[in-house]
Amino acid sequence: MASVTVPTVESIHIYPVKSCHGVEVQACDVDNLGIKHDRRFMIIYADNNRFVTQRKFASLALIQPAWDEEKNTFTLSSQGQDSITIPLRPDLSKLTKREVILWKSKLTVYDLGERVADWITRFLKNHRAHDCKNNHNLDDPVKEDDPVNPVRLVCLDDPKKGVYHRPAHPKLKGIHSPFTDYSPISIGFNASLEDVNCGLKEAGMNQGKAIPMDRFRNNITISGTMAWEEDQWLVAKVGEVTMYIIQPIARCTVPSIDQDTGEKDVPGDKGGIAEYLKTRRQFAEEPNLGQFCCDVVPLTAGKIRVGDKVEVLERIPEEFKQGPLPVTA
């Protein structure tokens with residue numbers, strides 16, 4: 001079903017460091033790596049080069065990034081710890097390359113040095129009690145007596161230069177994903193979130209508390225659609241940028257973390273947001289995960305501004321449409 005009003009860009013968020021706090025902006029530029037400055041930095045373990053996220057350390061939401069294009073500065077800050085500033089666009093020729101692992105991808109990136117690595121490691125040490133209290137991943141909890149493993153901060157280069165290589169889609173040449181989980185850009189829809197929050201309340205889940213959109217850490221939020229209309233979108237023009245909608249996003253337990261306090265929800269007897277989505281938004285291709293928001297790939301470059309209109313250019317053909325699996329008790 002088509003929207004009854006004109007879909008509009010309601011908000012834009014950029015997350016410069018994977019799994020750290022986001023920054024709300026009024027406009028953004030889109031290039032061959034998605035939204036400029038989004039997920040261009042990532043924390044890794046120093047010993048095994050694997051990525052580090054809020055899935056284990058809820059406190060990462062408390063690291064606040066800021067940047068200044070003209071001064072070429074990138075600053076990390078957090079309450080109780082002096083801020084640290086590094087170059088926004090470092091001289092990569094002076095940095096050491098590292099081979100890192102992000103999910104199934106092995107990536108060549110650049111290590112940003114000892115100062116910022118020590119700063120983030122100290123942050124995690126200082127927030128050990130917080131992370132123990134706010135464990136939300138039963139498969140990999142933080143334990144009080146575990147050592148705090150040193151971490152590093154890495155950045156990437158423009159894929160056109162031949163070092164960083166992470167194609168966003170096998171048939172869309174030249175477009176790469178930064179340090180996102182999957183696609184270069186993610187989009188959320190207000191009408192669908194309203195439906196989720198109504199469902200949580202009716203089901204007596206999450207103590208009846210509404211979930212804000214920033215829990216899903218999406219880049220663009222769109223208003224003016226019907227709930228779940230995005231399940232049938234295939235190609236849309238958002239501001240100046242034409243986008244291909246790949247799939248709904250499978251959700252982990254990170255949406256249970258308040259992105260301003262780094263604290264987990266107390267879900268109550270019947271569970272929280274992750275459990276709700278598992279029962280209401282399962283799809284056949286990933287039957288054990290709940291889905292919310294959409295993975296998208298930009299087909300063109302350009303600018304997107306808050307207030308821009310969104311035009312659906314193509315919908316999924318009838319014979320290929322899929323919906324969530326029936327709700328089971």
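The shown structure was predicted, so the numbers you read here are calculated from the model rather than taken from an experiment.
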After noting the C-alpha distance and the side-chain angles of Leu92 and Cys155, does the key distance pass the side chain to side chain contact (heavy atoms under 4.5 Å, CB included) rule? CA-CA 9 Å; Leu92 299 181; Cys155 67; 3.9 Å; yes
Could you check Ser59 against His130 for side chain to side chain donor-acceptor pair (under 3.5 Å), going step by step and ending with a plain yes or no? CA-CA 7 Å; Ser59 64; His130 176 106; 5.6 Å; no
I'd like to know whether Gln79 forms a side chain to side chain contact (heavy atoms under 4.5 Å, CB included) with Leu62, so could you lay out the CA-CA distance, the side-chain angles of the two residues, the decisive distance to 0.1 Å, and finally the verdict. CA-CA 8 Å; Gln79 187 174 1; Leu62 303 176; over 6 Å; no
Checking Asn190 against Ser223 for the side chain to side chain donor-acceptor pair (under 3.5 Å) test, could you report, in this order, the C-alpha distance in whole Å, the side-chain angles of both residues, the deciding distance, and whether it holds? CA-CA 5 Å; Asn190 262 342; Ser223 60; 5.0 Å; no
Show your reasoning for whether salt bridge (charged side-chain N to carboxylate O under 4.0 Å, His left out) applies to Arg55 and Asp181. CA-CA 12 Å; Arg55 291 174 179 85; Asp181 278 348; 2.4 Å; yes
Take Ser186 and Ile249 through the test side chain to side chain contact (heavy atoms under 4.5 Å, CB included) and record every step on the way to the result. CA-CA 8 Å; Ser186 58; Ile249 300 175; 3.7 Å; yes
Please assess Arg40 against Phe179 for the test side chain to side chain contact (heavy atoms under 4.5 Å, CB included), listing each intermediate value before the final yes or no. CA-CA 6 Å; Arg40 306 299 168 95; Phe179 295 136; 5.7 Å; no
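Residues Val254 and Leu193 fall into different hydrophobic clusters, defined by Ile, Leu, Val, Met, Phe, Trp and Tyr side chains chained together at heavy-atom separations under 4.5 Å. A continuous path of Ile, Leu, Val, Met, Phe, Trp and Tyr side chains, each step under 4.5 Å between heavy atoms, connects Ile222 with Val30, placing both in one hydrophobic cluster. Both Val238 and Ile185 sit in one connected hydrophobic cluster of ILVMFWY residues. Membership requires side-chain heavy atoms under 4.5 Å apart, directly or through other members. Side-chain heavy atoms closer than 4.5 Å link hydrophobic residues (I, L, V, M, F, W, Y) into clusters, and following such links, possibly through other members, connects Trp119 to Leu60. In terms of hydrophobic clustering, with Ile, Leu, Val, Met, Phe, Trp and Tyr side chains grouped at heavy-atom distances under 4.5 Å, Val306 and Ile220 are assigned to a common cluster.
Asn135 places a side-chain N or O within 3.5 Å of a backbone atom of Val142 that can act as its donor or acceptor partner. Between the side chain of Lys104 and the backbone N or O of Ile101, no donor-acceptor pair lies under 3.5 Å. Between the side chain of Ser183 and the backbone N or O of Val296, at least one donor-acceptor pair lies under 3.5 Å. A donor-acceptor pair is defined here as one N or O able to donate and one able to accept, closer than 3.5 Å; no such pair exists between the side chain of Lys309 and the backbone of Pro7. Side chain of Thr300 to main chain of Thr242: a donor-acceptor pair is present (N/O by atom type, distance under 3.5 Å, no hydrogens or angles). A distance-only check finds a donor-acceptor pair linking the side chain of His136 to the backbone of Gln54 [under 3.5 Å]. Between the side chain of Tyr276 and the backbone N or O of Gly290 there is no donor-acceptor pair closer than 3.5 Å. A donor-acceptor contact shorter than 3.5 Å is absent between the side chain of Thr85 and the backbone of Thr75.
Under 4.0 Å is where a charged nitrogen must lie from a carboxylate oxygen, and between Arg281 and Asp231 at least one such pair does. Taking 4.0 Å as the cut-off between side-chain N and carboxylate O, Arg215 and Asp265 count as a salt-bridged pair. Ion pairing of Glu229 with Arg315 is present here, as a side-chain N (NZ or NE/NH1/NH2) and a carboxylate O approach within less than 4.0 Å. Contact check on Asp146 versus Arg128 returns no salt bridge, with no Lys/Arg side-chain nitrogen under 4.0 Å from an Asp/Glu carboxylate oxygen. Contact check on Arg305 versus Glu240 returns a salt bridge, with a Lys/Arg side-chain nitrogen under 4.0 Å from an Asp/Glu carboxylate oxygen.
Smallest separation of non-hydrogen atoms from Ser78 and Phe123: OG-CE1, 3.2 Å. Taking all atoms of both residues into account, the shortest heavy-atom contact from Lys143 to Cys132 is C-SG, 3.7 Å. Nearest heavy atoms, Asp195 versus Ala227: CB-CB, 4.1 Å. Residues Pro16 and Pro65 approach most closely at CD-CG, 3.7 Å, considering heavy atoms. Pairing each heavy atom of Leu112 with each of Phe41, the nearest pair is CD1-CD2, 3.5 Å.
Arg217 CZ to Gln259 CD: the interatomic distance, rounded to the nearest 0.5 Å, is 5.0 Å. The CH2 atom of Trp67 sits 13.5 Å away from atom CG of Asn72, with the distance rounded to the nearest 0.5 Å. Atom CH2 of residue Trp103 and atom OG1 of residue Thr53 lie 6.5 Å apart, to the nearest 0.5 angstrom. Atom OG of residue Ser11 and atom CG of residue Asn219 lie 10.0 Å apart, to the nearest 0.5 angstrom. In this structure, Asn197 CG and Asn206 CG are separated by 8.5 Å, a value rounded to the nearest 0.5 Å. For the atom pair CZ (Arg39) and CD1 (Ile14), the distance works out to 10.0 Å, reported to the nearest 0.5 Å.
A side-chain N or O of Gln247 and one of Asp295 form a donor-acceptor pair less than 3.5 Å apart.
His21 has its side chain within reach of Asp260: a pair of non-hydrogen atoms, C-beta onward, lies under 4.5 Å apart. Side-chain contact between Ile211 and Val196: absent, with no pair of heavy atoms (C-beta onward) separated by less than 4.5 Å. At least one side-chain heavy atom of Leu76 sits less than 4.5 Å from a side-chain heavy atom of Val116.
The environment of Glu70 atom CD is sparse: at most 12 non-hydrogen atoms of other residues, nucleotides or ligands sit within 6.0 angstrom. A 6.0 Å sphere centred on CG of Asp82 holds no more than 12 heavy atoms belonging to other residues, nucleotides or ligands. Under a cut-off of 6.0 angstrom, the local environment of NZ in Lys303 is crowded, with over 12 non-hydrogen atoms contributed by other residues, nucleotides or ligands. Under a cut-off of 6.0 angstrom, the local environment of CD in Glu24 is crowded, with over 12 non-hydrogen atoms contributed by other residues, nucleotides or ligands. Within 6.0 Å of atom NZ in Lys133, 12 or fewer heavy atoms from other residues, nucleotides or ligands are found, so the atom counts as exposed in its surroundings. Atom NZ of Lys264 is surrounded by more than 12 heavy atoms from other residues, nucleotides or ligands within 6.0 Å.
Screening Asp47, Asp111, Asn49 against Arg152 for a side chain to side chain donor-acceptor pair (under 3.5 Å) leaves a single residue, Asp111. Among the candidates Glu99, His165, Arg166, the single residue satisfying the side chain to side chain donor-acceptor pair (under 3.5 Å) test with Thr108 is Glu99.
When hydrophobic residues (I, L, V, M, F, W, Y) are linked wherever their side-chain heavy atoms come within less than 4.5 Å, the members clustered with Phe320 are Leu172, Ile175, Tyr182, Leu234, Val235, Tyr244, Ile246, Val297, Leu299, Leu313, Ile316.
With sequence neighbours left out, the side chain to side chain donor-acceptor pair (under 3.5 Å) criterion links Glu285 to no other residue.
Below 30°, between 30° and 60°, or above 60°: for His13 and Tyr15 the angle between ring planes is below 30°, a parallel geometry.
The aromatic ring centroids of Phe216 and Phe292 lie less than 6.0 Å from each other. Aromatic ring centres of Trp228 and Phe189 lie farther apart than the 6.0 Å criterion allows.
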